[in-house]
Amino acid sequence: MTAVTTSLAHGRDHLSIPGPSVMPERVLRAMHRPAPNIYEGELVDITASIKSDLNFIAGNSGEVGIYIGNGHAAWEASLVNTFSRGDKALFLTNGRFGLAWADAAAGLGIDVQILDYGHAHAANAEELESVLNADANHSIKAVLTVQTDTASSTSNDLMSIRKAIDNAKHPALYMVDSIASFACEAFHMDELGVDVMVTASQKGLMTPPGLGLLFFSERFWAYQEKSDLVTPYWNARTRVYPDMFPDNFNGTPPTHHLFGLREALNMLLEEGIDNTWRRHAVFAQAVWAAIEKWGEGGSFACNVDDPNMRSHAVTMVNTAPDVGYQLQQWCNEHHGVVLGVALAPEPGRKLLDNAFRIGHMGHLNPPMLLGTLSTIETGLQAMNIDKGAGAVDAAASVLAAVHKTNAQLQTDTNG
Ligand SMILES: *Cc1c(COP(=O)(O)O)cnc(C)c1O
């Protein structure tokens with residue numbers, strides 16, 4: 001006799017965490033194939049097209065380097081190619097990931113200065129400008145920030161930071177971590193004057209973890225030449241200007257990741273990156289609308305108060321003590337929906353019990369998004385947690401409004 005269970009989780013499990021994100025069937029199928037020749041043929045061709053399509057999506061007229069590694073590896077690659085021991089780096093942080101990038105820099109012997117904006121606010125460009133103005137002998141070599149902090153779900157206004165550097169007439173390089181936001185939130189490398197952008201394969205790019213991607217401006221190479229931290233394996237120059245194909249990866253290429261990424265890029269190009277960004281903006285608003293409703297009758301709120309400072313890829317939700325963690329456990333156990341646990345602001349391994357995160361990045365459509373929100377609604381009801389009514393309705397209204405606006409436009413053009 002089988003024991004009766006309260007779980008209804010029979011079907012496809014759904015990952016609603018902010019990375020790794022859901023992998024499309026097309027990406028999985030593209031990877032299901034025999035090992036290829038790594039000296040000539042298809043792999044060589046698709047690597048060139050991957051680089052040029054990545055640059056197209058990033059709005060970058062410079063170069064791109066592909067590293068086998070996760071985001072942390074990409075961080076280290078970005079640092080060792082830019083700095084020498086004792087160089088000064090100015091980090092603008094607002095959550096956990098900027099601080100962890102700064103930690104990596106400090107560990108490499110870089111002189112780290114931090115302007116920290118806590119766990120719920122974007123960086124303040126005016127403060128940056130005055131710090132840069134005070135740096136009269138230009139000892140700060142680079143300004144570094146995160147586009148979206150995945151722990152706090154804060155987003156920075158990258159153009160305001162660019163303008164602050166320009167207003168101060170400071171020569172610092174501009175380095176951005178777009179690991180959570182790439183192919184989710186708008187990014188234009190050339191227009192932003194970003195010199196180094198770091199991302200990875202497993203979030204908006206819908207490919208398994210294992211590729212760190214670095215984008216470089218033309219200006220970067222003069223700094224790279226002088227960096228005394230760079231070691232042979234991490235050297236960006238050999239990867240970007242390889243003698244033979246495997247030099248792109250300083251060894252055996254990540255063969256199946258490349259097939260997967262090629263297919264993921266096909267999907268993004270078919271959708272059109274502006275549409276991808278818009279889809280993420282709409283989904284984020286649907287999530288916020290639901291949270292607002294839950295908050296009308298209970299203790300639920302977006303961690304970031306100002307919608308202009310919120311990520312479009314992930315949302316951190318603050319709850320009463322214990323509720324966030326228990327809800328996360330409930331949804332996983334009973335409905336097969338994995339919500340993100342909430343990470344404490346400081347680097348380390350601590351989890352918060354009074355918050356959870358909803359990842360809404362990458363391969364996501366309305367049934368997946370509404371499924372997650374409805375599961376949260378169900379969990380809160382099952383657990384008898386006080387909350388406002390109408391959350392899923394509110395999310396549906398945000399999605400419906402997109403089509404109403406389109407229908408209106410259609411009528412206008414026809415009329
Ligand atoms: C996920 C993430 C990282 C870390 O990437 P790993 O692949 O886990 O090393 C760094 N920065 C941001 C903003 C992220 O979202």
Side-chain angles (χ1 to χ4, degrees), residues 15-23 58 65-80 89 91-108 114 116-117 119-120 122-123 144-158 161 175-187 194 196-215 234 254 257 260-261 264 280 284 303-304 309-316 338-349 351 357-362 364:
L15 208 54
S16 286
I17 64 175
S21 65
V22 172
M23 275 188 283
I66 305 177
Y67 289 79
I68 297 180
N70 59 16
H72 284 68
W75 274 345
E76 199 153 318
S78 73
L79 297 168
V80 299
F91 282 86
L92 311 177
T93 63
N94 33 30
R96 179 176 154 137
F97 288 86
L99 289 172
W101 196 10
D103 255 14
L108 289 165
I114 293 176
D116 186 42
Y117 297 94
H119 207 58
L144 302 91
T145 197
V146 169
Q147 184 176 11
T148 274
D149 176 73
T150 322
S152 63
S153 65
T154 318
S155 244
N156 283 308
D157 177 352
L158 296 180
I161 294 170
M175 301 172 66
V176 175
D177 167 342
S178 292
I179 296 178
S181 47
F182 190 63
C184 301
E185 306 186 49
F187 182 87
V194 168
V196 181
M197 187 269 271
V198 179
T199 191
S201 50
Q202 77 272 23
K203 298 187 185 180
L205 288 174
M206 309 176 285
T207 303
L211 298 180
L213 306 167
L214 265 65
F215 297 73
W234 295 106
H257 277 78
L261 181 57
H280 282 85
N303 177 55
V304 181
M309 298 183 185
R310 289 181 193 158
S311 166
H312 291 176
V314 53
T315 298
M316 176 180 174
V338 185
L339 300 174
V341 291
L343 306 173
E346 61 279 355
R349 289 278 165 255
L351 301 183
R357 290 178 301 160
I358 304 172
H360 34 93
M361 55 173 58
L364 195 67

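Given the structure is predicted, the values throughout are model-derived calculations rather than measurements. First listed ligand is number 1; within each ligand, the first listed atom is number 1.
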Peer 1: Under 4.0 Å from a heavy atom of Lys203: give me the atoms of ligand 1 that qualify, with their elements.
Peer 2: 1 (C), 2 (C), 3 (C), 14 (C), 15 (O)
Peer 1: Output yes when a side-chain donor or acceptor of Asn303 lies under 3.5 Å from a complementary backbone atom of His119, and no otherwise.
Peer 2: yes
Peer 1: Between Thr150 and ligand 1, is there a nitrogen or oxygen pair with a distance under 3.5 Å?
Peer 2: yes
Peer 1: Side chain of Ser78, backbone of Trp75: donor and acceptor closer than 3.5 Å?
Peer 2: yes
Peer 1: With no hydrogens and no angle check, just 3.5 Å: does a side-chain donor-acceptor pair link His257 and Ser201?
Peer 2: no
Peer 1: Short N/O distance, under 3.5 Å, between Ala200 and ligand 1?
Peer 2: no
Peer 1: Pairing donors with acceptors under 3.5 angstrom, does anything connect the side chains of Asn94 and Asp116?
Peer 2: no
Peer 1: Taking N or O atoms only and a 3.5 Å limit, does His72 qualify as a polar contact for ligand 1?
Peer 2: yes
Peer 1: Considering only protein heavy atoms, which is closest to atom 6 (P) of ligand 1, and at what distance to one decimal place?
Peer 2: Gly71 N, 3.3 Å
Peer 1: Do any N/O atoms on Trp75 end up under 3.5 angstrom from N/O atoms on ligand 1?
Peer 2: no
Peer 1: What do we get for Gln147 next to ligand 1 when only non-hydrogen atoms under 4.0 Å count, side chain, backbone, both or neither?
Peer 2: neither
Peer 1: Within the distance-only criterion (no hydrogens, no angle test), does the side chain of Ser153 pair as donor or acceptor with the backbone N or O of Met316 below 3.5 angstrom?
Peer 2: yes
Peer 1: Hey, which of Glu185, Gln147, Arg310 is the one that makes side-chain hydrogen bond (donor to acceptor under 3.5 Å, both in side chains) with Ser155?
Peer 2: Glu185
Peer 1: Within ligand 1, which atoms have a heavy atom of Asn70 less than 4.0 Å away?
Peer 2: 6 (P), 7 (O), 9 (O)
Peer 1: Counting heavy atoms only, which part of Asp177 comes closer than 4.0 Å to ligand 1: side chain, backbone, both or neither?
Peer 2: side chain
Peer 1: So, do Phe215 and Phe182 have ring centers that fall under 6.0 Å from each other?
Peer 2: yes
Peer 1: Please classify the Thr148 to ligand 1 contact at 4.0 Å (heavy-atom distances, strictly less than): side chain, backbone, both or neither.
Peer 2: backbone
